[in-house]
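Here it is, the structure in full.
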Amino acid sequence: MSSEWRTVADRVRNWDKWGPNDQLGTLNYITPEKIARAAATAKQGKIFPLSIPLDAYGPQGAHGFRRNPIHIMSVDGGDDQMGRHLAGWGGPAESMLAEWWKGPMRFTDDYIIMPLQSSTQWDALSHVYYDGQLYNGYPAASVTSFGATKDSIDQVAGKGQIVSRAVLLDVARHRKVKYLAPLSVISPEELDDVAKAQGVSIESGDIVLIRTGWRARFLETHNGEAWLQESPGLSWRCAEWLHNKQAAAVASDNIAVEVVASEFPDAFLVFHMLTLRDMGMMLGEIWDMEALGEDCAKDGVYVFLLVAQPLRVTGGVGSPVNPIAIK
């Protein structure tokens, strides 16, 4: 029943915990002291980028309100002789290029066109709301057609806040499978079991990474529609587990961190509502944890430094990110 998750929402709500004007939420757990201790976990000098490629071949497809990134070249190597054709033609931009092309220097240029949340990304706290309110009680109307004036991604990016100790909980490897079965639900009890088996604990200010193996599933099938609609993930009950651990953020290799199948007949993406809107906890989605998971299984080290700064998009409700795990 909806009353069940709303009761949990009352328990995990962090509004006013860090003051009435706070827009960072659980990232406040990442203190300077926490960052200094996190840096000490980088002992081997091994680096693992956790983003998927920014190209047309991701899981989002070519249609809908989100789609894969579109990469367009505006100047390329075929424009080597452009200068002589532009001389005396066009406006100021063409005149400038014709002048530059008189010498030996040439350049190439490009654009990327994409939803901010179509690839490896962070959900900002302004991304989800219910009952007309965002995290910390800000009105949903503060997200305007010009951008989010409250709880936006630049509130985080401008402070360099997402650098901390991170813990990988490799659920797929714990279950001894390449990837979880479609619509599998991960319970908080299972997260405890995985942490115990790996010999790790979640500390205040940690960023928790959940590996379902779902990235490997997409690379095997390249069926984006099924990848989206059948994604396994965390149960809504894991929100309170993260709250009790005082985690700073959570990220996964699936589309929504949580399982996409609703666990309530009248509410969808309840985990999103509890984390983003009530707890003030950002969600990282569509991360690639395959190489990291393999390395952690080999050396038994599931704790590392994570640097995952979003782009400083003014008023953005999300952002692409290239997270870097450093062991």
Side-chain angles (χ1 to χ4, degrees), residues 9 12-15 22-30 50-52 54 58-60 64-67 69 114-130 133-136 138 140 142-143 147-159 161-162 164 166 207-210 212 214-215 228 231 233-236 238-239 242-243 247-260 262 267-289 306 308-323:
V12 304
R13 191 168 296 129
N14 285 324
W15 296 7
D22 178 59
Q23 299 180 60
L24 294 179
T26 54
L27 293 179
N28 283 289
Y29 289 129
I30 304 177
L50 306 180
S51 65
I52 70 170
L54 274 178
Q60 299 284 8
F65 72 99
R66 289 185 191 162
R67 58 186 64 197
M114 62 180 290
L116 293 182
Q117 296 165 327
S118 70
S119 188
T120 303
Q121 50 96 8
W122 282 116
D123 284 346
L125 300 185
S126 50
H127 176 53
V128 163
Y129 66 92
Y130 67 90
Q133 290 180 296
L134 306 170
Y135 166 71
N136 222 14
Y138 294 116
S142 63
V143 182
T149 65
K150 300 294 183 183
D151 289 341
S152 57
I153 199 69
D154 54 303
Q155 292 293 325
V156 174
K159 295 179 174 62
Q161 197 74 18
I162 311 185
S164 193
I207 299 172
V208 180
L209 306 188
I210 308 295
T212 69
W214 213 235
R215 174 63 181 164
L228 297 170
S231 176
L234 297 182
S235 165
W236 72 278
C238 293
L242 291 162
H243 173 77
V250 61
S252 187
D253 55 359
N254 62 4
I255 184 60
V257 180
E258 65 184 295
V259 61
V260 296
S262 179
F268 186 64
L269 294 179
V270 168
F271 181 85
H272 267 63
M273 292 192 287
L274 294 176
T275 50
L276 290 165
R277 190 263 198 184
D278 291 314
M279 294 163 55
M281 177 177 287
M282 288 173 49
L283 306 182
E285 298 167 341
I286 322 179
W287 292 30
D288 185 347
M289 303 179 188
L306 180 72
Q309 287 302 107
L311 298 179
R312 199 168 180 174
V313 181
T314 301
V317 301
S319 170
V321 63
N322 182 20

Report yes or no: do D22 and Y135 form a side-chain donor-acceptor pair below 3.5 Å?
-> yes
Between L306 and A166 the two heavy atoms that sit nearest each other are CB-CB, 3.6 Å
Check against side chain to side chain contact (heavy atoms under 4.5 Å, CB included), V313 and D154 | CA-CA 6 Å; V313 181; D154 54 303; 6.0 Å; no
Quick one: does V208's side chain get under 4.5 Å of L242's, heavy atoms only?
-> yes
Quick one: does N14's side chain get under 4.5 Å of D278's, heavy atoms only?
-> no
Gap between atom CZ of F271 and atom CE of M279 - 0.5 Å precision = 7.0 Å
Minimal non-hydrogen separation, G25 against L125, with atom names = N-CD1, 4.1 Å
Does the S262 side chain pair with the main chain of A267, one donor and one acceptor, at a distance under 3.5 Å?
-> yes
Any donor-acceptor pair under 3.5 Å from S51 side chain to V321 backbone | no
Please check if any side-chain donor atom of D151 sits under 3.5 Å from a side-chain acceptor atom of S126, or the reverse.
-> no
Looking only at heavy atoms, the pair that brings D123 and Q117 closest together is OD1-NE2, 3.1 Å
Got a sec: does the CZ of R66 have more than 12 other heavy atoms crowding it under 6.0 Å?
-> yes
Check whether any side-chain heavy atom of P59 lies under 4.5 Å from a side-chain heavy atom of I52, and answer yes or no.
-> yes
Between atom OG of S118 and atom CG of L54, what is the distance when rounded to the nearest 0.5 Å?
-> 7.0 Å
Any donor-acceptor pair under 3.5 Å from Q161 side chain to L27 backbone = yes
List the steps, then state whether side chain to side chain contact (heavy atoms under 4.5 Å, CB included) holds for L134 with V143.
-> CA-CA 9 Å; L134 306 170; V143 182; 3.8 Å; yes
Verify, without hydrogens or angle tests, whether T120 (side chain) and I286 (backbone) share a donor-acceptor contact under 3.5 angstrom.
-> yes
Is there side-chain contact between I255 and E285, with heavy atoms separated by less than 4.5 Å?
-> no
How far does CD of Q133 sit from OG of S142, to the nearest 0.5 angstrom?
-> 10.0 Å
What heavy-atom pair brings P115 and R67 nearest, and what distance separates the two atoms?
-> CD-O, 3.4 Å
Look up atom NZ in K159 and atom CD in Q309, then write down how far apart they are to the nearest 0.5 Å.
-> 11.5 Å
Nearest heavy-atom neighbours spanning I30 and S164 = CD1-CB, 3.7 Å
Tell me, do V156 and L24 make a side-chain contact under 4.5 Å, heavy atoms counted?
-> yes
In this structure, CD1 of I153 is separated from CH2 of W122 (nearest 0.5 Å) by 8.5 Å
Determine, step by step, whether M281 and L276 satisfy the side chain to side chain contact (heavy atoms under 4.5 Å, CB included) criterion, reporting the C-alpha distance in whole Å, the side-chain angles of both residues, the deciding distance to 0.1 Å, and the verdict.
-> CA-CA 5 Å; M281 177 177 287; L276 290 165; over 6 Å; no
Side chains of R13 and R277 in contact at under 4.5 Å (non-hydrogen atoms) = yes
Using only heavy-atom distances, determine whether the side chains of Q23 and N136 contain a donor-acceptor pair under 3.5 Å.
-> no
Y138, OH: over 12 other non-hydrogen atoms inside 6.0 angstrom = yes
Test V317 against S152 for side chain to side chain contact (heavy atoms under 4.5 Å, CB included), laying out the working first.
-> CA-CA 5 Å; V317 301; S152 57; over 6 Å; no
Looking at side-chain heavy atoms only, is the closest gap between P323 and W287 below 4.5 Å?
-> yes
Taking ring-ring contact (aromatic ring centres under 6.0 Å, His included) as the test, write out the residues that go with Y130, two or more places apart.
-> W5
Taking S231 for its side chain and N254 for its backbone only, find out whether a donor-acceptor pair lies under 3.5 Å.
-> no
Residue pair G318 / L116: nearest heavy atoms and the distance that separates them | O-CD1, 3.3 Å
Is the backbone of G280 close enough, under 3.5 Å, to the side chain of T26 for a donor and an acceptor to pair up by distance?
-> yes
Value rounded to 0.5 Å, distance of CZ in R215 from CG in D253 | 9.5 Å
Below 4.5 Å, heavy atoms only, C-beta onward: do M282 and I162 meet side chain to side chain?
-> yes
